[in-house]
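Read the structure below first, then the notes.
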There are 2 protein chains.
Amino acid sequence: MASMIFTDPWSVSAVNCLPFARFSNGLISIRRFVASMATEPSAKVIDGKSVAKQIKEEISAEVSKLKEEIGVVPGLAVVLVGDGKDSATYVRNKKKACEPVGINSFEVHLPDDASEEELLKFISGFNGDLSVHGILVQLPLLSNILNAVTIEKDVDGFHPLNIGRLAMQGREPLFVPCTPKRCIGLLHRYGVEIKGKTAVVIGQSNIVGMPAALLLQKEDATVPTVHSRTMNPEEITRQADIIISAVGQPNMVRDNWIKPDAVIIDVGINPVEDASSPRGYRLVGDVCYEEACKIAAAVTPVPGGVGPMTIATLLSNTPSSAKRAYNIK
Amino acid sequence: MASMIFTDPWSVSAVNCLPFARFSNGLISIRRFVASMATEPSAKVIDGKSVAKQIKEEISAEVSKLKEEIGVVPGLAVVLVGDGKDSATYVRNKKKACEPVGINSFEVHLPDDASEEELLKFISGFNGDLSVHGILVQLPLLSNILNAVTIEKDVDGFHPLNIGRLAMQGREPLFVPCTPKRCIGLLHRYGVEIKGKTAVVIGQSNIVGMPAALLLQKEDATVPTVHSRTMNPEEITRQADIIISAVGQPNMVRDNWIKPDAVIIDVGINPVEDASSPRGYRLVGDVCYEEACKIAAAVTPVPGGVGPMTIATLLSNTPSSAKRAYNIK
C-alpha cells in the first residue's frame with residue numbers, strides 16, 4: 001500500500017468529501033441531491049474485521065484437522081530482502097498471525113545487497129522442503145525472481161502460470177492472489193450477486209486490479225477496468241453494480257461516480273494530512289466514504305474493511321497447499 | 001469456427017438485417033434513423049485480404065533474411081489427431097501457406113484412437129528438434145496435452161504461462177494467440193487509436209475473446225467483455241469506440257448496438273441458410289454488416305475481413321520463434 005502522504009489535487013479537494021464539490025459535475029441527479037442532503041448514511045457497512053475473524057477460525061479448524069488426520073503442520077516461509085523498518089514489521093506481523101492458527105512460520109532475512117544466487121539458493125531450499133507449503137518472496141522490487149518459487153508453493157498467486165489459469169475458462173489457478181480473493185470473498189459472504197452484473201475495477205495493477213477483474217469475469221460479471229488513461233472514468237464507473245477500487249488515490253471516487261445501490265469494495269489505504277490527528281495524518285480509501293454511504297447499498301470502510309482480511313486470506317492459502325501436497329480434498 | 005448452419009432466433013430474424021427489425025428497440029435515435037434511410041453505406045471497409053498479402057510479403061522477407069544471415073529455415077510442425085475431412089483440409093492449407101513464404105512444414109497425423117503416450121512422444125520429439133520452431137497441436141478437444149508443447153515453440157500462444165504474461169503489466173508473452181493478434185493488427189494497420197478508448201469484446205473464449213480483451217487492455221483501452229450472461233449487452237456495446245465480436249451468432253450485433261463512428265472487427269464466420277446460393281448457405285458475421293456500414297466508421301466484412309489473416313498471422317509467429325532461438329533481434 002501507499003507509504004507516502006498524498007497531497008495531489010484529489011486529496012486537497014476531497015479529503016473531507018465536502019458536499020459542495022459534488023456540484024462541480026452537472027450530471028448530478030435529483031435522487032443524489034436528495035441523498036446528499038440526508039443526515040443518516042443508508043449503506044450497509046461491510047465489516048472486514050468480523051469476516052477476518054471468521055476466516056481465521058476456519059483456518060484454525062482446517063489446520064487442526066490436518067494435524068490430527070495425517071500429522072502434517074502447514075508451513076509458510078518468507079524470504080525477505082532489505083533492511084527497512086517495513087520489512088521487520090512485516091516479518092513480525094506474519095509470525096504473529098501464523099501462531100494462533102497453528103501454521104509453522106519460517107523466515108530468511110537477507111540484506112539489501114544480497115546476490116541473486118544467494119536468494120535463489122534459499123528459494124530453492126524452501127521449494128524442496130517438505131515442511132514448507134507456501135513461500136512468499138518480499139523484494140524491494142518485483143522481479144523475475146518470483147518465478148523461482150515452485151508453482152505448487154506460490155501462495156501469493158503472482159506466478160504468470162497462475163494468472164494465465166485465472167484468465168482461462170475451464171482452468172483453475174493453484175492459488176488466487178490474496179487481495180483480489182478477499183474482495184470477492186467479501187462479496188460472497190455478504191450475498192452480493194456477481195453473475196451477469198457490471199463490475200468496474202479501478203486500477204489495473206498485477207497484484208490487485210488485474211487479478212480482481214479476472215476473478216469477477218470468471219464469475220460471469222462484465223468487467224471494465226478503469227485506469228489513468230480511461231477517458232471517462234466517472235461515466236464508466238457510474239454504470240457499475242459492483243465497484244472494486246485499488247488505485248491508491250485518496251477519495252477519488254465521489255458520489256457522482258456511484259450508481260445508486262452499488263456495492264463498493266475499497267482496497268485503497270491512503271494517508272492524508274490531518275493536523276487534528278496525533279500522528280499528523282489519517283487513513284482514507286480511494287472512495288469518499290461519507291458520500292458513498294449515502295448512495296451505495298454497501299461499502300467497506302477504510303480502515304476496517306478490506307485491510308484486516310489481508311493476512312487471513314494469505315494464511316488460508318497455506319493449509320490449502322498442504323492439502324494439495326497430500327492429495328486431501 | 002462454427003461448422004453448423006445456425007437457425008436460432010437471431011439468424012431467423014436477422015439474416016437479411018431487415019431495416020424494420022431496428023424499430024423493435026425504442027432507443028433508436030434520429031441520427032440512426034436517418035442513417036438507416038441512406039442508400040449508400042458510409043463506413044470504411046477494412047480489407048483483410050490486402051493486409052494478409054502485406055503480412056505474407058513481410059514474412060517472406062524475414063525468412064529469406066534468416067536463411068542468408070545464419071542459414072536457418074524456420075520450421076512449423078503440426079500434430080493432428082482425428083480422421084475428419086476438416087483435418088485433411090487443415091493440413092493441406094497449412095502446407096500450401098508455408099511453402100510460398102519459405103517456411104518448412106512438418107506433420108504428424110494420428111488416428112482418433114491414438115494414445116496419449118503416442119501423442120506426447122511426437123510432441124516431445126518436435127520439442128527437441130532444432131529444425132522446428134513452432135508446434136501446433138490440433139485435437140478434437142482442447143486439453144492439457146497443449147501444455148506439453150514447450151513454451152518456446154507454442155506458436156498458438158494458448159499456454160497458460162503465455163496467457164498470464166499477456167495479462168500482466170510489464171511482462172510480455174512469447175507468442176500472442178493468432179486471431180486476437182490479427183484483430184489488433186488490423187486496428188494498427190488502419191491507424192485506429194486504442195489508448196484510452198472503450199473497446200467492447202463480445203465473447204470470452206480462451207482462443208479469441210479473452211486474449212483479445214487482454215491485448216486491448218495492454219494497449220490502455222478500457223475493455224468490458226460482453227457474454228451470454230451479460231444483462232444489457234446492447235447498452236454496453238453501444239458505448240464502445242471499438243467492437244471486437246467473436247461469439248459465433250449470425251447478425252447478432254444490430255445497429256442499435258453500435259455507437260456512431262465505432263470501429264468494428266467481426267471475427268464470427270457463421271453459415272446461414274440461403275436457398276439462392278448454390279451451396280444452400282452463405283457466410284455472415286456476428287455483426288449485421290449492412291446496418292453496421294451505415295453507422296460505423298469502419299467495419300470488417302465477412303468473408304474477406306479477419307478470415308484471410310488467420311494463416312498469415314500464424315505463420316508470422318514461426319520466424320519470430322526461430323529468431324528468438326538464435327538470439328536475433
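Each chain gets a letter, A, B and so on, in the order its sequence line appears, and its residues count up from 1. Note that this is a predicted model, so its numbers are computed, not measured.
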Original post:
Do any N or O atoms from the side chain of A:Asn206 and from the backbone of B:Met168 form a donor-acceptor pair under 3.5 angstrom?
Top reply: no

Original post:
If you tally heavy-atom pairs under 4.5 Å against chain A, which of B:Val223, B:Leu214, B:Leu166 wins?
Top reply: B:Val223

Subject >> Side chain, backbone, both or neither of A:Asn162 within contact of chain B (heavy atoms, under 4.5 Å) >> reply: neither

**OP:** Over all heavy atoms of both residues, which pair between A:Met210 and B:Ala167 is shortest? Give the atoms and the distance, please.
**Re:** CG-O, 3.4 Å

**OP:** Can you check whether anything in residues 197-204 of chain B gets within less than 4.5 Å of chain A, heavy-atom wise, and list it by number?
**Re:** B:Lys197, B:Thr198, B:Gln204

**OP:** Taking the side chain as every heavy atom from C-beta outward, state whether B:Thr222 and A:Ile236 have any atom pair closer than 4.5 Å.
**Re:** yes

**OP:** With a 4.5 Å cut-off on heavy-atom pairs, point out which of B:Lys195, B:Glu235, B:Gln169 contacts chain A the most.
**Re:** B:Gln169

Original post:
Hey, does B:Pro160 have a side-chain heavy atom less than 4.5 Å from the side chain of A:Arg171?
Top reply: yes

**OP:** Take A:His159 and B:Leu161 through the test side-chain contact (heavy atoms from CB on, under 4.5 Å) and record every step on the way to the result.
**Re:** CA-CA 9 Å; A:His159 194 291; B:Leu161 193 56; 3.8 Å; yes

Original post:
Among side-chain atoms of B:Gln239 and A:Gln239, is any donor-acceptor pair under 3.5 angstrom?
Top reply: yes

Original post:
Would a distance-only check, ignoring hydrogens and angles, find a side-chain to backbone donor-acceptor pair under 3.5 Å from A:His227 to B:Gln217?
Top reply: no

